[in-house]
Every structure is written in C-alpha cells, then in structure tokens.
Amino acid sequence: MEFQERLDKIWDRISDEDFLANRGVANEVRYYVFDYEPCDELIIREKVQALKKQNNPEADGFQIIEFDLYDMVIQILEEKGYLDKCVKFEAKKGMDYLYKAVTKMLRLTNDIECLGMCWELCKANDYCGLLLLI
C-alpha cells in the first residue's frame, strides 16, 4: 500500500469497532504505529494535528494521545545530562556511532522495547485512550 493511501486510512483504522474493542488476530492492545520515511515528516505532523482536531473523545469513544519518540529521547538525554555529550559524540564519531550509543544507553534493542517504553508512560500517566505513535 502506498504512503498516501495508508495515511488516508488512519482514521478508519483507529476508529474501527474491532480495534477499539481489542478484537483482532491476537486481541491486540489499542495502539497504532504508523511508520514512514523521514522525508514525509512534515506531512505526518500535519496529519497528526488534523487527527487530534477531528477527535472528539466523548463521541468517538477514544482519545488520541501522541508520543513523539524523538522528543521523548531528547527529554531522557537531557534528564540524564547526556545531551551535550551526544552532540560532541556525533561531531567526533558520526551519527552511526551516536545512534548505537544512545540505543545502548536507553537499553532499546528493538522496536518492541520502544513501544513498551511508550505504553508504560501511558499507563503511568493514566491515559486510557488510543496511543498513536508517530
């Protein structure tokens, strides 16, 4: 499926009755991950804002909660005092080295762990709506 076609179907997917009732192949948890190429970032940002404006939690039966993984990682690096070190690492050793170092520091070895981290944040903040990871 092409990018634009997938993008146009997000609302249908997240508002689907089976999705909202956790009915599916494996009784999935209610979150939706939309992957995309970096060159599509601005399009995605606009779409997310439009979806959030379209969302009426009382009428729709769910609330869209956006977690920007980039912002989350930056926040963690700032809290741990590593952000300035990361800038220096990138300048000295390159982006690939920095990526591996940050991934190891955050103990994120795969996408599932990253999703788990976001889900734990959701639960900790008492979010019970839809988790939309972009």
Side-chain angles (χ1 to χ4, degrees):
M1 192 179 314
E2 294 296 320
F3 170 77
Q4 190 60 51
E5 186 180 357
R6 289 177 40 231
L7 191 62
D8 292 341
K9 292 184 178 188
I10 289 177
W11 184 262
D12 293 341
R13 174 70 175 126
I14 65 175
S15 62
D16 178 80
E17 186 178 308
D18 286 339
F19 178 77
L20 294 173
N22 295 336
R23 289 191 301 259
V25 178
N27 297 322
E28 296 89 356
V29 176
R30 285 192 309 185
Y31 62 80
Y32 182 72
V33 178
F34 186 88
D35 63 315
Y36 58 95
E37 296 296 325
C39 63
D40 295 321
E41 176 69 24
L42 296 178
I43 296 168
I44 292 297
R45 287 183 191 189
E46 287 179 16
K47 182 65 172 183
V48 169
Q49 293 312 309
L51 288 170
K52 289 167 66 176
K53 285 181 183 175
Q54 178 180 351
N55 181 222
N56 178 340
E58 291 80 26
D60 297 332
F62 63 90
Q63 178 180 0
I64 293 177
I65 301 165
E66 173 193 6
F67 284 95
D68 185 315
L69 299 181
Y70 175 80
D71 289 342
M72 291 170 62
V73 169
I74 294 297
Q75 180 182 351
I76 291 168
L77 293 174
E78 286 175 341
E79 288 171 1
K80 293 183 178 280
Y82 292 149
L83 189 57
D84 291 335
K85 292 176 186 176
C86 286
V87 172
K88 291 175 186 171
F89 263 172
E90 182 181 5
K92 286 183 182 179
K93 301 199 178 206
M95 182 56 87
D96 286 340
Y97 182 86
L98 176 62
Y99 174 78
K100 289 175 186 171
V102 169
T103 301
K104 186 175 182 180
M105 189 265 311
L106 294 175
R107 294 182 183 98
L108 299 176
T109 56
N110 61 42
D111 292 341
I112 299 302
E113 289 180 27
C114 190
L115 292 175
M117 179 179 77
C118 294
W119 187 248
E120 290 303 317
L121 279 171
C122 245
K123 290 193 308 188
N125 290 294
D126 238 2
Y127 294 130
C128 59
L130 173 74
L131 172 61
L132 177 63
L133 297 172
I134 301 292

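Heavy-atom basis, side chains included; hydrogens, waters and symmetry copies ignored.
- Linking Ile, Leu, Val, Met, Phe, Trp and Tyr residues whenever their side-chain heavy atoms come within less than 4.5 Å places L83 and M95 in a single cluster.
- With sequence neighbours left out, the salt bridge (Lys or Arg N to Asp or Glu O under 4.0 Å) criterion links K80 to no other residue.
- Taking the side-chain hydrogen bond (donor to acceptor under 3.5 Å, both in side chains) definition, one finds that D40 meets it with nothing, sequence neighbours left out.
- Atom OH of residue Y99 and atom SG of residue C86 lie 13.5 Å apart, to the nearest 0.5 angstrom.
- Heavy-atom neighbours of Q4 CD from other residues, nucleotides or ligands within 6.0 Å: above the threshold of 12.
- Atom CD1 of I43 sits about 12.0 Å away from atom CZ of R45, to the nearest 0.5 Å.
- Put simply, the residue from D84, L98, V102 that forms a side chain to side chain contact (heavy atoms under 4.5 Å, CB included) with F89 is L98.
- The side-chain contact (heavy atoms from CB on, under 4.5 Å) check on E79 picks up Q75, with sequence neighbours excluded.
- Contacts of N56 classified as side-chain contact (heavy atoms from CB on, under 4.5 Å), with partners at least two apart in sequence or in another chain: E58, A59, D60.
- Partners of E46 according to the side-chain hydrogen bond (donor to acceptor under 3.5 Å, both in side chains) rule, which considers only residues two or more places apart in sequence or in another chain, do not exist here.
- Taking the six-membered ring where tryptophan is involved, the planes of W11 and F62 are tilted, since the angle between them lies from 30° to 60°.
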*Checking side-chain contact (heavy atoms from CB on, under 4.5 Å) for the pair E66/Q49: CA distance, chi angles, key distance, verdict?*
CA-CA 9 Å; E66 173 193 6; Q49 293 312 309; 3.8 Å; yes
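- For K9, the side-chain contact (heavy atoms from CB on, under 4.5 Å) partners at least two apart in sequence or on another chain are M1, E5.
- For Y36 and F3, the gap between ring centers reaches or exceeds 6.0 Å.
- Here the CD1 atom belonging to I44 is positioned 10.5 Å from the CD atom belonging to E37, to the nearest 0.5 angstrom.
- Minimum interatomic distance between D16 and D18 (heavy atoms only, all atoms of both residues): OD2-N, 3.0 Å.
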